[in-house]
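Below is one structure, written out as structure tokens, with a few remarks after it.
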Amino acid sequence: QVLLVESGGGLVQAGGSLRLSCAASGRTFSRDAMGWFRQAPGKERAFVASISGSGGGTLYANSVKGRFTISRDNAKNTVYLQMNSLMPEDTAVYYCAAGLLMRPDRTGYNYWGQGTQVTVSS
């Protein structure tokens, strides 16, 4: 059984930083592309960033380019999302996902975590 567990969310002031982590188990982690998505109240779940199995390829949503960085440590079966220069519009529940395709949308991701709340105050 695949298990993805996010952590690192919380409340931060605008301009601040947070680092999210997602620990994976139950699969060969290095084979999977990993993605981060977010869902704000009343909105659909949206792509944030993704990374290939080797870590050599990354994709970002335009709204987070230059502020967020996705990375992974295959030895620790963990993917990270470093979020800098946070803005109130970044407030959402953040989910990590695993799949075979590094796509900038929900297709290709078969496994999802339970989410972690990020709240950015103005």
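Sequence positions, counted from 1, serve as the residue numbers for this chain.
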- Nearest non-hydrogen partners of G9 and V118, listed with the distance: CA-CG2, 4.1 Å
- Is there a path of hydrophobic side-chain contacts, each under 4.5 Å between heavy atoms of I, L, V, M, F, W or Y residues, that connects F68 with F47? no
- So CZ of F37 and CH2 of W112: to nearest 0.5 Å the spacing works out to 4.0 Å
- Task: Mark yes or no: R72 above the aromatic ring of F29, with NZ or CZ under 6.0 Å from the six-membered ring centre and no more than 45 degrees from the axis.
- Result: yes
- Query: Would V93 end up clustered with I70 when hydrophobic side chains under 4.5 Å apart are linked, directly or stepwise?
  - Reply: no
- Message: Measuring from atom CD of E6 to atom OH of Y95, what distance do you get when rounded to the nearest 0.5 angstrom?
- Response: 8.5 Å
- Item | Residue pair S54 / R31, side-chain heavy-atom distance below 4.5 Å | no
- Which atom of S122 lies closest to which atom of P88, heavy atoms considered: CB-CG, 3.8 Å
- Item | Minimum heavy-atom distance between L59 and P104, given as atom pair plus value | CD1-CD, 4.0 Å
- Message: If you compare all heavy atoms of S30 against all heavy atoms of N74, which two are closest, and at what distance to 0.1 Å?
- Response: CB-ND2, 3.5 Å
- Does R27 make a cation-pi contact with Y111 (under 6.0 Å, within 45 degrees of the axis)? no
- Message: Let me confirm one number: the CG-OG distance from L101 to S52, rounded to the nearest 0.5 Å.
- Response: 12.0 Å
- side-chain contact (heavy atoms from CB on, under 4.5 Å), paired with M83, selected from T69, L20, V48: L20
- Between T119 and Q117, is any side-chain donor less than 3.5 angstrom from a side-chain acceptor? yes
- Message: In this structure, would V64 and L86 fall into the same cluster of hydrophobic residues linked by side-chain contacts under 4.5 Å?
- Response: yes
- Taking Y109 for the side chain and R103 for the main chain, is one N or O donor matched with an acceptor at less than 3.5 Å? yes
- Message: What's the separation between atom CG in L81 and atom OG in S50, rounded to the nearest 0.5 Å?
- Response: 11.0 Å
- Query: Got R67 and M87 here, is their nearest side-chain heavy-atom distance under 4.5 Å?
  - Reply: yes
- Between the side chains of S17 and N84, does any donor sit under 3.5 Å from an acceptor? yes
- Message: Let me confirm one number: the CH2-CE distance from W36 to M34, rounded to the nearest 0.5 Å.
- Response: 8.0 Å
- Are any side-chain N or O atoms of T78 and backbone N or O atoms of K76, one a donor and one an acceptor, separated by less than 3.5 Å? yes
- Query: Among side-chain atoms of R19 and Y80, is any donor-acceptor pair under 3.5 angstrom?
  - Reply: no
- Message: Taking the side chain as everything from C-beta on, heavy atoms only, tell me whether R45 gets closer than 4.5 Å to R106.
- Response: yes
- Would Y60 end up clustered with V120 when hydrophobic side chains under 4.5 Å apart are linked, directly or stepwise? yes
- Given the rule in the side chain to side chain contact (heavy atoms under 4.5 Å, CB included) test, do I51 and V79 qualify, once you have shown the distances and angles that lead to the verdict? CA-CA 9 Å; I51 188 167; V79 62; 4.1 Å; yes
- Item | D32 side, atom CG; M102 side, atom CE - distance, nearest 0.5 Å | 13.0 Å
